[in-house]
2 protein chains.
Amino acid sequence: MSELSASDLTILRMLQDNAREKLENIACETGLSVATVQRRIRSLRDKEVIQRETTVIQPEAVGYTMTFLVLVEMERERIDQVDAFRRRAQANPQVQQCYYITGEADFALIILSKDIEDFERLTHRLFFEDANIKRFRTSVVMKRSKFSSEVPLAILAGAGDASC
Amino acid sequence: MSELSASDLTILRMLQDNAREKLENIACETGLSVATVQRRIRSLRDKEVIQRETTVIQPEAVGYTMTFLVLVEMERERIDQVDAFRRRAQANPQVQQCYYITGEADFALIILSKDIEDFERLTHRLFFEDANIKRFRTSVVMKRSKFSSEVPLAILAGAGDASC
DNA sequence: GATGAAACCGTTGACGC
DNA sequence: GCGTCAACGGTTTCATC
């Protein structure tokens, strides 16, 4: 993986803030030409530094009013069993995030649900029907902040001039 | 909040998958005209069903090689103290997500770090210097999946014809 | 092989229906 | 509400260094 330049970081920071940021603004901020900015972005996409460009939707607007954090403990921590559970969890569209972790629990899941019944059905499918799940602990999320994943990027003194 | 139509959900699903999806493709899929699709998207943005359009960056590419899940317990659960901690946590760019939860812990945080020292410095600033933090439990994330937050959207039989 | 100019395609906003 | 059109921004190609 090749190193990223200061202007690459500026490009990433601006695009993370707004995927539709005008190339001209980025060019001005970095001191590069529009064509160069475009080539850098293409390169960042090709290198998969930029993984995707997505639209963040308010879950409540489409009926998902509840969020849960579920800590899952497995009976046996065999690699194939762990992988099998992760695949099942990931495959479920209501499982927003899936972390395989050290400590008391083996997995932490962030789960969206329309209501309590919806969540209960999901736990049955995901946990009760899996003999390898020892137990799971559910926390209701009362407030979530910073739902979308933003990577901290250093704000470097750009070479751009005052015309920005 | 007004109800969303089937074509609105299709628009959201396609934009969530790719923020740069061509309006023509969405028009074809939904059976709407390009102009109508554009007006719907504008309306969804205005209603804040669409919260933002962002670029997902691979954290490892910019030096953030470690992810942690931290469960935080507070000494006193007074609303002003809870809010104060949430604001401090959110303000830190390495805190990717912040959930105020029910159960054994009061907060669950997803934190990015460059290395262990970086994480330790962060815990000092965030937890040890706050008299209202009773304790915190750290889990190292060995593998994260589904890092970006995708809301499940029903795939409805569209009115679009076979020319898509 | 990096750069800038230019042609081409998609998006946006204004207008008229 | 709907499509049309002109202006703008993004993308690709090509010539040049």
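What you see is a predicted model; the values in this text were computed from it and never measured. Quick note on labels: first sequence line is chain A, next is B, and so on, each numbered from 1.
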Kindly give the atom pairs (protein nitrogen or oxygen, nucleotide nitrogen or oxygen) under 3.5 Å for nucleotides 11-15 of chain C.
residue : atom : partner : partner atom : Å
C/dT11  : OP1  : B/Leu23 : N            : 3.1
C/dT11  : OP2  : B/Leu23 : N            : 3.2
C/dT12  : OP1  : A/Arg20 : NH1          : 3.3
C/dG13  : OP2  : B/Arg42 : NH2          : 2.5

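For B/Ser33 and D/dG3, the shortest distance from a side-chain N or O to OP1 or OP2 is below 4.0 Å. The phosphate of C/dA2 has neither OP1 nor OP2 within less than 4.0 Å of any side-chain N or O from A/Thr36.
Here D/dC8 presents its P atom at 15 Å from CG of A/Asn25, a figure rounded to the nearest Å. Atom CD in A/Glu53 sits about 12 Å away from atom C1' in D/dG10, given to the nearest Å.
Here B/Glu75 does not pair with B/Lys134 in a salt bridge; the nearest charged N to carboxylate O distance is not below 4.0 Å.
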Legend entry - Stepwise side chain to side chain donor-acceptor pair (under 3.5 Å) test for A/Ser43 and A/Asp46: CA-CA 5 Å; A/Ser43 158; A/Asp46 289 346; over 6 Å; no
Inset, instruction - Could you go through the ring-ring contact (aromatic ring centres under 6.0 Å, His included) check for B/Phe107 and B/Tyr99 one step at a time? - result: CA-CA 5 Å; B/Phe107 283 97; B/Tyr99 301 97; over 10 Å; no
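The aromatic rings of A/Phe136 and A/Phe128 stand perpendicular to each other, their planes meeting at an angle above 60°, with 30° marking the opposite boundary.
With B/Ser7 contributing its side chain and B/Thr30 its backbone, the two residues share no donor-acceptor pair below 3.5 Å.
A cation-pi arrangement is absent between B/Lys143 and A/Tyr100, since the terminal nitrogen or guanidinium carbon is not both under 6.0 Å from the aromatic centre and inside a 45° cone about the axis.
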